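Below you'll find the structure, written out as structure tokens, and then a few comments.
Since the model is a prediction, treat every value here as computed from it, not as a measurement. All values below were derived from every heavy atom in this structure, side-chain atoms included, with hydrogens, water molecules and symmetry-related copies excluded.
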Amino acid sequence: MSSLDSLEQALRNQPRKPPLEKWHPVLSGAIDIHIDGRGDWYHDGSPIKRQSLINLFASILRREDDGDYYLVTPVEKWRIRVDDTPLLAVDMEIVEPGKKQRIIFRLNTDELVLLNNAHRLQIENAMDQPHPVLELERGLSARLTTAVFYRLVDAAQQRGEEIGICSEGEWFSISQIED
């Protein structure tokens, strides 16, 4: 089995996410869960160290039109605080470099995300530093770690005046890093 086949199978075999789009409970209130700018999760000021618990919370997390983040179940909805992005892209792999190239990111929850039209890459500037963010479902996003972003930049190509990367036949500009 090729690495492409194994990655595609891993993408298909990821656990199904709960159907948050079908759940619309009344706001239960705010819960003291905080995700800091480094992507670390806290409850009542103490770090959440169990990765399985972080993964569970991330699976029921969504961002709503009001810009706030909520943990949602069929009967409860709790507001939490997020300083930057709730998730991190901690690794990436470029599959079939060239015309059929695909870029797959691994999140800090072990979820695999294919860079494509549904999961776009946005590069903003924050305090004169590039702030690369991968758009996800449910209004969520994942910031690329510095190491992953440098690997992405290293693989980038230039098209005229623009610097970017291709994945799934889509061009994603990262030229903003030059601003």
Q. Is Y42 reachable from I31 through a run of hydrophobic residues whose side-chain heavy atoms are each under 4.5 Å from the next?
A. no
**Q.** F149 and its side chain to side chain contact (heavy atoms under 4.5 Å, CB included) partner, picked from T145, V153, T146
**A.** V153
Q: Would you give the length of the straight line joining atom CZ of R79 to atom CG of D68, rounded to the nearest 0.5 angstrom?
A: 5.0 Å
Q. Within a strict 4.5 Å, meaning less than it, do heavy atoms of the R120 and E135 side chains meet?
A. yes
Q: Please round to the nearest 0.5 Å and tell me the distance separating atom CD1 of I33 and atom CG of L61.
A: 9.5 Å
(Q) Before you tell me yes or no, could you show the steps for C166 and R159 under side chain to side chain contact (heavy atoms under 4.5 Å, CB included), namely the whole-Å CA-CA distance, both residues' side-chain angles and the distance that decides it to 0.1 Å? (A) CA-CA 11 Å; C166 275; R159 286 187 178 173; 3.2 Å; yes
Q | Q122 and H131: side chain donor to acceptor below 3.5 Å | A | no
(Q) As a test of understanding, state which of L114, I94, N116 forms a side chain to side chain contact (heavy atoms under 4.5 Å, CB included) with S167. (A) L114
Q.
To check you understand the geometry: which heavy-atom pair defines the closest contact between N55 and N108, and what is its length?
A. OD1-O, 4.3 Å
Q) Minimum heavy-atom separation for S59 to P18, with atom names? A) O-CD, 3.4 Å
**Q.** Side-chain heavy-atom pair V113, I104 within 4.5 angstrom cut-off
**A.** no
Q: Identify the two heavy atoms, one from P74 and one from P25, that lie closest to each other, and give their separation to 0.1 Å.
A: O-CB, 3.9 Å
Q. Is V82 close to D36 at the side-chain level, that is, under 4.5 Å between some pair of heavy atoms?
A. no
Q: Considering non-hydrogen atoms only, spot the tightest contact between S141 and L136 and give its length.
A: C-CD1, 3.8 Å
Q.
Assess the residue pair L112 and F105 against the criterion (side chain to side chain contact (heavy atoms under 4.5 Å, CB included)); give the C-alpha distance rounded to whole Å, side-chain angles, the decisive distance to 0.1 Å, and a yes or no.
A. CA-CA 6 Å; L112 299 176; F105 292 98; over 6 Å; no
Q | Residue pair L134, T85: steps toward the side chain to side chain contact (heavy atoms under 4.5 Å, CB included) verdict | A | CA-CA 10 Å; L134 183 63; T85 62; over 6 Å; no
Q. Taking C-beta and beyond as the side chain, do I103 and F172 meet within less than 4.5 Å on heavy atoms?
A. no
Q: Go through the steps to decide whether Y70 and W78 satisfy the test side chain to side chain contact (heavy atoms under 4.5 Å, CB included), and finish with yes or no.
A: CA-CA 5 Å; Y70 298 91; W78 295 95; over 6 Å; no
(Q) Between I165 and W171, is there shared hydrophobic-cluster membership here, with clusters defined by ILVMFWY side-chain heavy atoms closer than 4.5 Å? (A) no
Q) Does a donor on one side chain sit under 3.5 Å from an acceptor on the other, for S173 and E162? A) yes
Q | D83 side chain reached by I35 side chain, heavy atoms, under 4.5 Å | A | no
Q) Ion pair present between E64 and R138, side-chain N to carboxylate O less than 4.0 angstrom? A) no
Q) How long is the span from the CG atom in L71 to the CG atom in L20, to the nearest 0.5 Å? A) 9.5 Å
Q | Side chain to side chain, K17 and E111, heavy atoms closer than 4.5 Å | A | yes
Q | Close side-chain approach of E168 and Q101, heavy atoms under 4.5 Å | A | no
Q: Look at the side chain of R62 and the backbone N and O of Y69, then say whether any donor-acceptor pair between them is shorter than 3.5 Å.
A: no
Q) Do M92 and R151 have side-chain heavy atoms sitting under 4.5 Å apart? A) yes
Q. In terms of hydrophobic clusters joined by side-chain contacts under 4.5 Å, are L140 and V90 together?
A. no
Q: To the nearest 0.5 angstrom, please state how far the CH2 atom of W23 sits from the CD1 atom of I60.
A: 7.5 Å
**Q.** Value rounded to 0.5 Å, distance of CG in D44 from CG in D32
**A.** 5.0 Å
(Q) Salt bridge or not between R143 and D84? Use side-chain N to carboxylate O under 4.0 Å. (A) yes
Q | Co-membership, hydrophobic cluster, residues V133 and L88, 4.5 Å side-chain | A | no
Q) Got a sec: does the CD of Q158 have more than 12 other heavy atoms crowding it under 6.0 Å? A) yes
**Q.** Pairwise distance CD(E76) to OG(S28) - rounded to 0.5 angstrom
**A.** 5.0 Å
Q: Check whether the side chains of D40 and H34 place a donor and an acceptor atom closer than 3.5 Å, and report yes or no.
A: no
Q. What closest approach, in Å, do A142 and A89 show between heavy atoms, and which atom pair accounts for it?
A. CB-N, 4.0 Å
